[in-house]
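These numbers were taken from a predicted model, which means no experiment stands behind them. First listed ligand is number 1; within each ligand, the first listed atom is number 1.
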Amino acid sequence: MASILPASNRSMRPDKNTYERKRSVYVKNPYLEGMDEDILYHLDLGTKTHNLPAMFGDVKFVCVGGSPNRMKAFAQFMHKELRLEGDGEDIEDICAGTDRYCMFKTGPVLSVSHGMGIPSISIMLHELIKLLHHARCCDVTIIRIGTSGGIGIAPGSIVITDTAVDSFFKPRFEQVILDNVVTRSTELDKELANDLFNCSREIPNAPTLIGHTMCTYDFYEGQGRLDGALCSFSREKKLDYLKRAYRAGVRNIEMESTVFAAMCGLCGLRAAVVCVTLLDRLESDQINLSHDVLVEYQQRPQLLISNFIKKQLGLCDQMS
Ligand SMILES: O=P(O)(O)O[C@H]1O[C@H](CO)[C@@H](O)[C@H]1O
Ligand SMILES: O=c1cc[nH]c(=O)[nH]1
């Protein structure tokens, strides 16, 4: 039976005044306090084996994305952008003991891969949020830097998500807990989205817009593609669906934003989703970009986020 939480889960969210003082990372699990040790199994970290406050206590920005190589490249790029010591090329994977996820830290920036899809990012977020909690981090901003399929916009555009919606264009994430479906809000931080949009004006050749992002459980049938191993609908039905999505405000499609928005919102993290579009789904299904163009497109959100982080740290004027 569906149980719908009160409007946007506000009663479960931390008090706004708390944010203004010091915004802590909240976990919402009474059992955690009583645990002698917490093993973050998929990150290969733990409260007894690692000094988490010493390792991560200064983290202020967490950037996540599907691909391990992209997140390593982003950490190396940030290392240079923040002008930290060394060239950053030898940056180590903190989660090297597992091949589930990878994690890199440079200054106050943590860069973490999450794999593809809701189950994969959800496991990573449970352990990442506990990590930030155990490390006593505060005032953390978390940004998903991803790729997506655009709807009615030029490939290479950056979409900053205002609201993540499901396949029915609804701003909700449905989590099955035991045998209940619990519906959670997918609202993201509007002020953060606007701040990011303002930063985008300074990035050349990266058209950026704010819009809804649709999050699906699948890349092929789930996104209305005609080129999967299975397809049971017509081209007309596909286009009708995507055009209805467009009219509902959806500008891009990816596979993690709803659970990301829901979990980060409940745990007191200022969260944003910034994805580049690789194609216009009204035109095609296959991604046929050359390697170089794909790399350049994927760098666009990274440039934007780097600009944002430097501004937040008050480094922009000194560095330009
Ligand atoms: O570019 P990333 O972050 O992997 O995200 C997008 O790309 C994957 C599909 O190719 C999905 O995970 C989708 O959300
Ligand atoms: O079409 C696309 C492209 C990237 N990622 C997606 O989920 N869909």
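A salt bridge links D58 with K105: the closest approach of a Lys/Arg side-chain nitrogen to an acidic carboxylate oxygen falls below 4.0 angstrom. Between D44 and R100, no side-chain nitrogen of the basic residue sits less than 4.0 Å from a carboxylate oxygen of the acidic one, so the salt-bridge criterion is not met. The existence of a salt bridge linking K311 and D195 is excluded, since no basic side-chain nitrogen approaches an acidic carboxylate oxygen closer than 4.0 Å.
One distance of note links OG of S111 with CD1 of I143; it measures 11.5 Å at 0.5 Å rounding.
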Could you pull out every N or O of ligand 1 that sits under 3.5 Å from a protein N or O, with the distance for each pair?
{"unit_1": "ligand 1", "atom_1": "1 (O)", "unit_2": "R70", "atom_2": "NH1", "d": "3.3"}
{"unit_1": "ligand 1", "atom_1": "1 (O)", "unit_2": "R70", "atom_2": "NH2", "d": "2.7"}
{"unit_1": "ligand 1", "atom_1": "1 (O)", "unit_2": "T147", "atom_2": "N", "d": "2.9"}
{"unit_1": "ligand 1", "atom_1": "1 (O)", "unit_2": "T147", "atom_2": "OG1", "d": "2.6"}
{"unit_1": "ligand 1", "atom_1": "3 (O)", "unit_2": "G66", "atom_2": "N", "d": "2.9"}
{"unit_1": "ligand 1", "atom_1": "3 (O)", "unit_2": "R70", "atom_2": "NH1", "d": "3.1"}
{"unit_1": "ligand 1", "atom_1": "3 (O)", "unit_2": "R144", "atom_2": "NH1", "d": "2.6"}
{"unit_1": "ligand 1", "atom_1": "5 (O)", "unit_2": "R144", "atom_2": "NH2", "d": "3.0"}
{"unit_1": "ligand 1", "atom_1": "7 (O)", "unit_2": "T147", "atom_2": "OG1", "d": "3.3"}
{"unit_1": "ligand 1", "atom_1": "12 (O)", "unit_2": "E256", "atom_2": "OE2", "d": "2.6"}
{"unit_1": "ligand 1", "atom_1": "14 (O)", "unit_2": "R144", "atom_2": "NH2", "d": "3.2"}
{"unit_1": "ligand 1", "atom_1": "14 (O)", "unit_2": "M255", "atom_2": "N", "d": "2.8"}
{"unit_1": "ligand 1", "atom_1": "14 (O)", "unit_2": "E256", "atom_2": "OE1", "d": "2.5"}
{"unit_1": "ligand 1", "atom_1": "14 (O)", "unit_2": "E256", "atom_2": "OE2", "d": "3.4"}

Below 3.5 Å only, please: the N or O atoms of ligand 2 paired with protein N or O atoms, distance on each line.
{"unit_1": "ligand 2", "atom_1": "1 (O)", "unit_2": "R225", "atom_2": "NH1", "d": "3.3"}
{"unit_1": "ligand 2", "atom_1": "1 (O)", "unit_2": "R225", "atom_2": "NH2", "d": "2.7"}
{"unit_1": "ligand 2", "atom_1": "7 (O)", "unit_2": "Q223", "atom_2": "NE2", "d": "2.9"}
{"unit_1": "ligand 2", "atom_1": "8 (N)", "unit_2": "Q223", "atom_2": "OE1", "d": "2.8"}

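Within the 4.5 Å cutoff, side-chain heavy atoms of C63 are placed close to those of I309. Put simply, the side chain of C215 reaches to within 4.5 Å of the side chain of E254, judged on heavy atoms.
Screening K238, K243, R244 against D240 for a salt bridge (charged side-chain N to carboxylate O under 4.0 Å, His left out) leaves a single residue, R244. V159 pairs in a side-chain contact (heavy atoms from CB on, under 4.5 Å) with only one of the listed residues (N252, V273, T208), which is N252.
Pairing each heavy atom of T213 with each of S257, the nearest pair is CG2-OG, 3.7 Å.
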